[in-house]
J.: 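This is the structure I want to talk about, given as structure tokens.
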Amino acid sequence: MKKSVVAFTVAASMGIGSLFTGNSLVTEAASISNLKDKQNEIHNKRSNLKSDINDANTKINDLQGQQANVKSEMKRLDFAIGDTNAKIREKTAKISETQGKINQLQGEIKVIVNRMEQRNNLLKERARNYQETGGMINYIDVLMGAKSFSDFIDRANAVATIMEADQELLKQADMDKKELEEKRTKVEKDLANLQELKSELEQMNKQLSSQRNEKDKLLSKLVRKEKEVHEGKLALEEEEQILAGQEAAVQKAIQLEKDRQAAAAAAAAQAAKAPAQPSGGGASGKAPAISGGTFTRPAAGVISSGFGTRPGFRPGEFHYGVDIANHASNVPILAAADGVVIRSYYSNSYGNCIFISHSINGQVYTTVYAHMEARLVGTGAVVKKGQQIGIMGSTGDSTGQHLHFELHRGQWVPDRHNAINPVGIVPL
């Protein structure tokens with residue numbers, strides 16, 4: 001909830017107060033009954049607010065639980081990303097190692113190729129010799145030209161050795177060729193597998209990072225939502241505190257009204273000898289004169305801003321009171337009528353402010369005094385019309401020394417439609 005809403009919630013407190021004026025009521029019993037009805041109504045509203053506060057606490061706990069789950073999932077993803085990165089580094093190192101093996105293999109391949117070329121050249125030379133000398137026939141001539149059996153055996157062994165050597169050359173060439181193909185195939189396959197695995201790991205890492213980013217966004221959203229619910233809860237708690245003050249004020253008003261009725265009955269029985277003296281406010285030279293009637297002017301000064309819309313206000317905004325400006329020092333702020341202080345405290349928007357509830361001829365009113373330099377009465381205090389309750393100032397959301405004064409008829413409601421123009425009711 002925004003600060004301005006909270007401020008208005010505080011400032012536009014629903015007023016229910018005591019009966020202190022000299023005006024007669026429709027009936028004294030009806031007055032007390034009305035106050036008790038208001039007290040019950042406030043009590044019911046407080047119960048509803050407490051239920052809303054409990055709901056807000058439940059939502060906050062639920063949001064905090066969701067945040068804990070998201071943080072746990074983020075931790076898991078962080079570990080998974082770290083593990084994947086480690087595997088990528090491992091596979092990258094193996095790819096580099098395999099590439100080194102390929103480079104080494106290239107050197108071995110050159111050796112094998114040279115060896116194969118040498119064998120090929122030797123075989124070609126043998127073939128050329130076979131062609132020139134008749135090949136196998138020459139071998140037979142060699143054998144038949146033996147001088148003795150021993151010579152024949154020696155020549156046969158020599159021919160066999162030559163032929164065996166030729167076969168070995170062919171066999172070695174075939175083995176070298178197979179070895180070359182096997183090594184090349186294996187290394188290329190290993191390299192392809194490593195590159196594929198690395199690609200899969202990088203894709204997995206990308207997906208994990210995307211999930212991590214989504215969890216981060218979700219956590220931020222949950223944190224913002226918790227903040228909003230928490231601010232709403234604070235506003236509800238503040239409103240509940242105002243209602244608690246009002247309920248206490250009503251209870252005091254009921255007792256004071258009973259006391260007043262008892263005193264009036266005693267005075268009537270004794271045939272009062274002299275009319276009561278009008279109540280004064282202890283006004284100083286800087287305070288306005290105390291008016292007759294129900295209300296009196298709350299401060300001396302000029303009306304700098306009236307009730308309703310006004311130039312310079314943002315579209316849709318409404319001024320729920322009147323501003324009385326006075327640049328003198330120590331300007332007294334007076335209670336506009338007899339009543340009970342509902343709340344006296346510092347508001348971020350209204351600065352030092354006081355709310356007083358009044359019951360006048362059976363009608364409940366609430367007056368609000370804002371931006372004061374100092375407050376001279378506390379919550380629950382009983383005040384008289386014209387009694388000094390504070391000093392004019394410029395605290396809170398204020399641009400100059402003035403009194404922001406509001407008048408509410410009946411109970412306060414969230415849309416503040418009970419705020420009325422005090423001009424014509426309060427002598428301003």
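Computed from heavy atoms alone, side chains included, the values below leave out hydrogens, waters and symmetry copies.
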J.: Ignoring hydrogens and angles, tell me if any N or O in the side chain of Thr395 forms a donor-acceptor pair with the backbone of Met372 under 3.5 Å.
T.: yes

J.: Mind checking whether Thr98 and Leu194 have side chains closer than 4.5 Å, heavy atoms only?
T.: yes

J.: Kindly give the heavy-atom pair with the smallest separation between Ala299 and Met392, and that separation in Å.
T.: CB-CE, 3.9 Å

J.: Taking all heavy atoms of Ala300 and all of Val331, pick out the closest pair and write down the distance.
T.: O-CG1, 4.1 Å

J.: Any side-chain to backbone donor/acceptor pair from Ser199 onto Gln195? Under 3.5 Å, distance only.
T.: no

J.: Give a yes or no answer on whether the side chain of Thr296 reaches the backbone of Ser291 with a donor-acceptor pair at less than 3.5 Å.
T.: yes

J.: Regarding Lys186 and Glu182, does a basic nitrogen lie under 4.0 Å from an acidic carboxylate oxygen?
T.: no

J.: For the atom pair CG (Leu428) and CZ (Phe295), what is the distance rounded to the nearest 0.5 Å?
T.: 10.5 Å

J.: Are the side chains of Val368 and Leu407 in touch, meaning some heavy atoms are under 4.5 Å apart?
T.: no

J.: Scan residues 58-73 for pairs that pass side-chain hydrogen bond (donor to acceptor under 3.5 Å, both in side chains), counting only residues two or more places apart or in two chains.
T.: Asp62-Gln66, Gln64-Glu226, Gln67-Glu226, Glu73-Arg76

J.: For Asn330 and Ile391, which heavy atoms make the closest approach, and how far apart are they?
T.: CA-CG2, 3.7 Å

J.: If I take atom CG from residue Leu236 and atom CD from residue Glu231, how far apart are they, to the nearest 0.5 angstrom?
T.: 12.0 Å

J.: Test side chain to side chain contact (heavy atoms under 4.5 Å, CB included) on Thr92 and Lys198; report intermediate values, then the result.
T.: CA-CA 7 Å; Thr92 301; Lys198 180 184 176 184; 3.4 Å; yes

J.: Is any side-chain heavy atom of Val383 closer than 4.5 Å to one of Ile389?
T.: yes

J.: Scan side-chain atoms only and decide if Ser394 and His402 contain a donor-acceptor pair under the 3.5 Å cut-off.
T.: no

J.: Can you confirm whether Gln388 sits close enough to Ile333 that some side-chain heavy atom of one is under 4.5 Å from a side-chain heavy atom of the other?
T.: no

J.: Looking at side-chain heavy atoms only, is the closest gap between Lys94 and Asp190 below 4.5 Å?
T.: no

J.: From Thr294 OG1 over to Gln363 CD, what is the distance, rounded to the nearest 0.5 angstrom?
T.: 11.5 Å

J.: Test ring-ring contact (aromatic ring centres under 6.0 Å, His included) on Tyr369 and Phe355 and set out the steps.
T.: CA-CA 7 Å; Tyr369 312 78; Phe355 317 114; 8.8 Å; no

J.: To check you understand the geometry: which heavy-atom pair defines the closest contact between Glu240 and Lys50, and what is its length?
T.: OE2-CE, 3.4 Å

J.: Passes side-chain hydrogen bond (donor to acceptor under 3.5 Å, both in side chains), Glu406 versus His408? Steps please.
T.: CA-CA 7 Å; Glu406 295 179 10; His408 297 259; 2.9 Å; yes

J.: State the CG-CE distance between Asp83 and Met204, to the nearest 0.5 angstrom.
T.: 9.0 Å

J.: Check for a donor-acceptor pair, side chain of Arg375 on one end and backbone N or O of Gly390 on the other, with a separation under 3.5 Å.
T.: no

J.: So how far is it from Leu218 CG to Lys225 NZ, rounded to the nearest 0.5 Å?
T.: 10.5 Å

J.: Less than 4.0 Å between a side-chain N and a carboxylate O, is that true for Glu237 and Lys233?
T.: yes

J.: Do Ser304 and Ile324 come within less than 4.5 Å of each other through their side chains, counting heavy atoms only?
T.: no

J.: Can you check whether Val377's main-chain N or O pairs, donor with acceptor, with Ser344's side chain at less than 3.5 Å?
T.: yes

J.: With a 4.5 Å heavy-atom cut-off, do Val70 and Leu222 have their side chains touching?
T.: yes

J.: Go through it in stages, so that I can follow the logic: the residues are Ile342 and Ile356, the test is side chain to side chain contact (heavy atoms under 4.5 Å, CB included), and I'd like the CA-CA distance, side-chain angles, deciding distance and then a yes or no.
T.: CA-CA 5 Å; Ile342 297 172; Ile356 303 176; over 6 Å; no

J.: Any idea which heavy atoms bring Pro298 and Phe405 closest together, and the distance?
T.: CG-CD1, 3.8 Å

J.: Please tell me if the side chains of Tyr365 and Ser357 come closer than 4.5 Å, counting only heavy atoms from C-beta onward.
T.: no

J.: Could you give me the CA-CA distance, side-chain angles and deciding distance for Val382 and Val341, then say whether side chain to side chain contact (heavy atoms under 4.5 Å, CB included) is met?
T.: CA-CA 6 Å; Val382 177; Val341 176; over 6 Å; no

J.: Would you check, one step at a time, whether the test side chain to side chain contact (heavy atoms under 4.5 Å, CB included) holds for Ile88 with Glu202?
T.: CA-CA 7 Å; Ile88 290 174; Glu202 289 174 343; 3.9 Å; yes

J.: Hey, could you give me the CG/CG distance between Leu403 and Asp323, rounded to the nearest 0.5 Å?
T.: 8.0 Å

J.: Is there a donor-acceptor contact under 3.5 Å from the side chain of Asn352 to the main chain of Tyr346?
T.: no

J.: Checking Glu41 against His43: is there a side-chain donor and acceptor pair closer than 3.5 Å?
T.: no

J.: Tell me every residue that passes ring-ring contact (aromatic ring centres under 6.0 Å, His included) with His404, counting only those two or more places apart in sequence or in another chain.
T.: His319, Tyr350

J.: Which heavy-atom pair separates Lys91 from Leu197 by the least distance, and what is that distance?
T.: CE-CD2, 3.0 Å

J.: Can you list, pair by pair, the side-chain donor-acceptor contacts under 3.5 Å of residues 209-217, counting residues two or more places apart and other chains?
T.:
| residue | atom | partner | partner atom | Å |
| --- | --- | --- | --- | --- |
| Ser209 | OG | Asn205 | O | 2.9 |
| Arg212 | NE | Asp78 | OD1 | 2.7 |
| Asn213 | ND2 | Ser209 | O | 3.3 |

